[in-house]
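Notes to accompany the following structure.
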Amino acid sequence: MKISTRALSPGLLTGGAVCCTVLAWASAFVSIRSAGAAYSPGALALGRLLAASLVLAVFLLLRREGLPPRGARRGILVSGLVWFGGYTVALNWGERLVDAGTASLLVNTGPILMALLAARLLGEALPPRLLTGSAVSFAGAVVVSLSMSSGSDGSTSVVGVALCLLAAVAYATGVIAQKPALSFGSPLQITTFSCLAGTAACLPFTGRLLAEIPRAPLSATLNMVYLGVVPTALAFTTWTYALARMPAARLGATTYAVPAVVVLLSWALLGEVPAWLTLLGGLLCLTGVAVSRSRPRTRSAPEGAAAARPAPAAPARPVNR
């Protein structure tokens, strides 16, 4: 029995898009660590974006969606250069210099910056539940990061910290640039042409990519292709679909679930049993996301209240004299 997407509620479709994005982005951390051992940061970014661009271009042609409208092009360019290009290179480079726990903690400052930028530039409100949920989720990300930290000598690269913070800023900036563009173009258009812009920005790394492909093991190359197809082509499309239907700050808070999902995936797929502190941090992340996405209950008038109210007095008729 074929289920039409028209039969599904918009809220269910948006929630599914958010879940798909979180799962795909969580899986990217494992693939980046694997592929990053054989590919330099710039070459890995270019290979990932080339694979994503190919997949997105095919879908764009199949759906017969042409060039994006003029009003969307500025947001596409900024998002492509800053988020698709800059974020990817900075994160790949940063994870070479700091451990995964520290990197995830620093990148998780992105939703906080996103909420502040959305309030300042897009006029979005910052409800108390969003702020409370973000604080709880960030605390959970701190706990997960500390429990998963692998630094043996306790030292942290200043350059690595700076690169991860730069990636967080690029992430927040790219999302804020995408939001207005979605008023003019479709999610597939915005994602495809943003990815193409990021690919063009990474073309200077072509020589490094061509030199490293013959020396890289097959598993690293497959991970690079996977990064392009799933966490980029698929997940960025589902992200823009959800971003077109909900505030940027509220959507950004959902990405706090990524550390918790990474813990669960490592447990299920790699057999890495998390410590109790890691599980506690993951639970805090998910709790904060639930709080940030919840809405305050509206009080309904009790039954019979309308009947108990006195009827308004009829206006007095003028007396004819």
Side-chain angles (χ1 to χ4, degrees), residues 20-53 55 82-111 141 144-145 148-151 156-157 159-171 174 195 198-199 201-202 205 208-209 212-213 215-236 238-239 255-270 272 278:
C20 179
T21 303
V22 169
L23 288 172
W25 284 357
S27 68
F29 280 91
V30 179
S31 294
I32 288 175
R33 298 293 291 180
S34 175
Y39 289 98
S40 59
L44 177 58
L46 177 59
R48 172 180 180 174
L49 292 176
L50 283 172
S53 296
V55 173
V82 175
W83 191 8
F84 282 76
Y87 168 85
T88 306
V89 175
L91 181 60
N92 291 345
W93 194 358
E95 285 199 15
R96 285 190 160 209
L97 302 175
V98 299
D99 58 78
T102 303
S104 63
L105 169 61
L106 296 170
V107 172
N108 267 314
T109 60
V144 171
S145 302
M148 297 179 66
S149 178
S150 59
T156 302
S157 169
V159 176
V161 170
L163 287 168
C164 290
L165 288 176
L166 181 62
V169 173
Y171 164 40
C195 188
T199 304
C202 292
F205 301 109
R208 295 294 300 271
L209 178 62
E212 293 172 3
I213 286 179
R215 301 195 301 264
L218 179 60
S219 60
T221 302
L222 291 177
N223 272 290
M224 181 174 64
V225 174
Y226 171 82
L227 285 168
V229 175
V230 178
T232 306
L234 174 62
F236 274 81
T238 54
W239 168 272
T255 60
Y256 279 121
V258 170
V261 177
V262 170
V263 172
L264 296 177
L265 288 177
S266 299
W267 191 357
L269 301 179
L270 303 178
E272 298 178 353
T278 305

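Quick note: numbers below take in every heavy atom, side chains included, and nothing from hydrogens, waters or symmetry partners.
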Item checked: Full working for side chain to side chain contact (heavy atoms under 4.5 Å, CB included) between R208 and L46 -> CA-CA 10 Å; R208 295 294 300 271; L46 177 59; over 6 Å; no

Next item on the list: Apply side chain to side chain contact (heavy atoms under 4.5 Å, CB included) to A168 and list each qualifying residue two or more places apart in sequence or on a separate chain.
Entry: T109

Margin query: Can you tell me how far apart CG (L222) and CG (L218) are? Round to the nearest 0.5 Å.
Written below: 4.0 Å

Notebook entry, point to check: How far apart are the closest heavy atoms of A52 and G228, and which atoms are they?
Noted result: CB-O, 3.1 Å

Checklist line | Contacts of T221 that satisfy side chain to side chain donor-acceptor pair (under 3.5 Å) - sequence neighbours left out | finding: Y39

Next item on the list: Measure across P231 and A235 and return the closest heavy-atom pair with its distance rounded to 0.1 Å.
Entry: O-CB, 3.2 Å

Next item on the list: Output all residues satisfying side chain to side chain contact (heavy atoms under 4.5 Å, CB included) with S31, sequence neighbours left out; order by chain, then residue number.
Entry: N223, Y226, L227

Next item on the list: Drop me the distance from C164's SG to Y87's OH, to the nearest 0.5 angstrom.
Entry: 9.0 Å

Margin query: Any non-hydrogen side-chain atom of R96 less than 4.5 Å from a side-chain atom of L163?
Written below: no

Next item on the list: Taking all heavy atoms of G47 and all of M224, pick out the closest pair and write down the distance.
Entry: CA-SD, 3.7 Å

Note to self: A45: which residues meet the side chain to side chain contact (heavy atoms under 4.5 Å, CB included) condition with it, sequence neighbours left out?
What the structure shows: T88, V89, N92, C202

Next item on the list: Identify the heavy atoms of F84 and L49 that sit nearest to each other, and give their distance.
Entry: O-CD1, 3.6 Å

Check: Where is the tightest heavy-atom contact between A38 and E212, given as atom of each residue plus distance?
Finding: O-OE1, 4.1 Å

Margin query: Going by the rule ring-ring contact (aromatic ring centres under 6.0 Å, His included), which residues pair with W25 if we only count those two or more places apart in sequence or in a different chain?
Written below: F236, W239

Checklist line | Which residues share a side chain to side chain contact (heavy atoms under 4.5 Å, CB included) with A26, sequence neighbours left out | finding: V258, V261, V262, L265

